[in-house]
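Comments concern the structure below.
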Amino acid sequence: MRIAMVAGEANPFCKSGGLADVILPLSLEYVKSGHDVFVLVPFYKLIKDRKLARFCRVGQLDVHMSWRHEQADIFFSRYEGINYFFIGSISYFDRERMYGYDDDGERFAFFQLAALAWLNQVEGGVDVIHVHDHQAAMIPALLKEKKADYPNLATAKTVLTIHNPAFKGYLNPDALPELYELPRWLYDGGQVRFEGMVSTLKAGIIYSDKITTVSPNHAKELLTPEGSMGLSGVLKLRERDFVGIVNGIDEEEWNPATDYFLIKNYDRASFREGKAASREKVVTLFGLSDKGGPSFGLVSRLTSQKGVDILLPVVEKILADGNLLFLCGSGDSIYEERLRALQERFPKQFGLYVGFNSQLAHDIYAGSDFFLMPSQFEPCGIGQLIAKRYGALPIARATGGLKDTIISFDGKNGTEADGFLFEDYDVQGFEWAVKAAKAAYSNKKIFAKLVVNAMEADHSWTHSGQQYLDLYLSLMD
Ligand code: GLC
């Protein structure tokens, strides 16, 4: 098959969150099975600046958005067998950040129109266009409503994956004719209307041939009024074409036995020594004093989705009890400030790094006994998968993909268990799980069993990659 992936970000070139972590290993899985893969992302300034690869300019397109005409420069780079096409534009993408500008609606309209026009020109065409989240979700509607513009894509099938239902891709209704050259009746008729605005995510749900989200449990949640962030009504309409496929992790990148960031590599036979070495490294780095006992780690965006509201009182308790805490993350400034204040109160126990630091993230996964993930909602979650592979037991809320990927310890013999789940989104629930984790830690035999279970769990992309391929195949006739 010839598969195109269109997204706002993709490793190894540009990343703000878990979406980027999915595109690369999933594409690699396709390459391994002999498929041709094209990944299309914007040519952000940061991609140029980082000079991770050589980019050659392979084309130029004139993109029309009613009265606006903008030129798109298409750049190419091949990475581990994947064909990356970058949509370049000085005015839209030569900026400091990837997202977060007032004209994001216009920037990503340009991106999608250019991506589609480019795919229409690619020799040999494509069989599947797999779009991800709201930044690419208008493509299926464009393809179906403006068939005449894309004659070479007449048989291409479309799949939308919802990684984060909170982001709807809102646009003013006038954007339909002004940016996409689509008729306004798509709004008036309700196809793309959501809460009085155009939503590109809703357009994707209506127009894609198949819709997926990133875990089976989150697919269930998205069909309920409570767990869908307003999308259950429209997803119900497409229920027969909607499935959850759980994410994996790149098991080569995330492997404590070969990880070159780690001070001492380890596997399930040597995790005690390996993890102790990383713990000591992090303790020294932050100038902490280690009095023994369990260490807690967290690598996360600091937003309300990630549960920082209930995290704050619980980490205060963890610190007051004399434990070590390592945290690397950035996000809402109010959370950053409150964490800094806690760090000042517990300078010898709390290692805090505000920002993103790959080296430190690897050290934290390896140096922690437990990994905190009290998310309010979590379509899949990647941190818990990495933590497990590094033998840090997740303490997480039973929501979305966390429920699908963690087997909670029931306090008995831990036959299969590899973490701790709590149900309700509140401080008491989270505290209860931390207590259960500490109790398990105090029983050496049980704790070792849980760690080995976690490290042995299969979270590779093999199975899920095949599920996506089967889904594509089901669309071919
Ligand atoms: C989003 C979700 C996260 C998921 C990731 C990749 O960031 O919030 O749960 O793991 O996308 O699909």
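Reckoned from all heavy atoms, side chains included, excluding hydrogens, waters and symmetry mates. Atoms within a ligand are numbered from 1 in the order they appear, just like the ligands themselves. Not measured: the values here are computed from a predicted model. Counting from 1, the numbers follow the sequence of the chain as shown.
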Can you label the angle between the Phe167 ring and the His134 ring as parallel, tilted or perpendicular, going by 30° and 60°? tilted
Any pair with a residue in residues 16-25 that passes side-chain hydrogen bond (donor to acceptor under 3.5 Å, both in side chains), sequence neighbours left out, goes on the list, sorted by first then second residue, please. Glu9-Ser16, Asn11-Asp21, Lys15-Asp21
Using the six-membered ring wherever Trp is involved, compare the ring planes of Phe261 and His362 and label them parallel, tilted or perpendicular (cut-offs 30° and 60°). tilted
Pairs in or reaching into residues 20-41: which pass ring pair (Phe, Tyr, Trp, His ring centres under 6.0 Å), with residues at least two apart or in two chains? Tyr30-Tyr472
Using a 4.0 angstrom limit on heavy atoms, which residues are close to ligand 1? Gly18, Leu19, Val22, His163, Asn164, Val214, Asn247, Gln305, Glu378, Pro379, Cys380, Gly381, Ile382
Applying salt bridge (Lys or Arg N to Asp or Glu O under 4.0 Å) to Glu253 and not counting sequence neighbours gives none
Is there a side-chain contact (heavy atoms from CB on, under 4.5 Å) between Arg338 and Ile334 once you walk through the steps? CA-CA 6 Å; Arg338 289 177 63 187; Ile334 171 97; 4.3 Å; yes
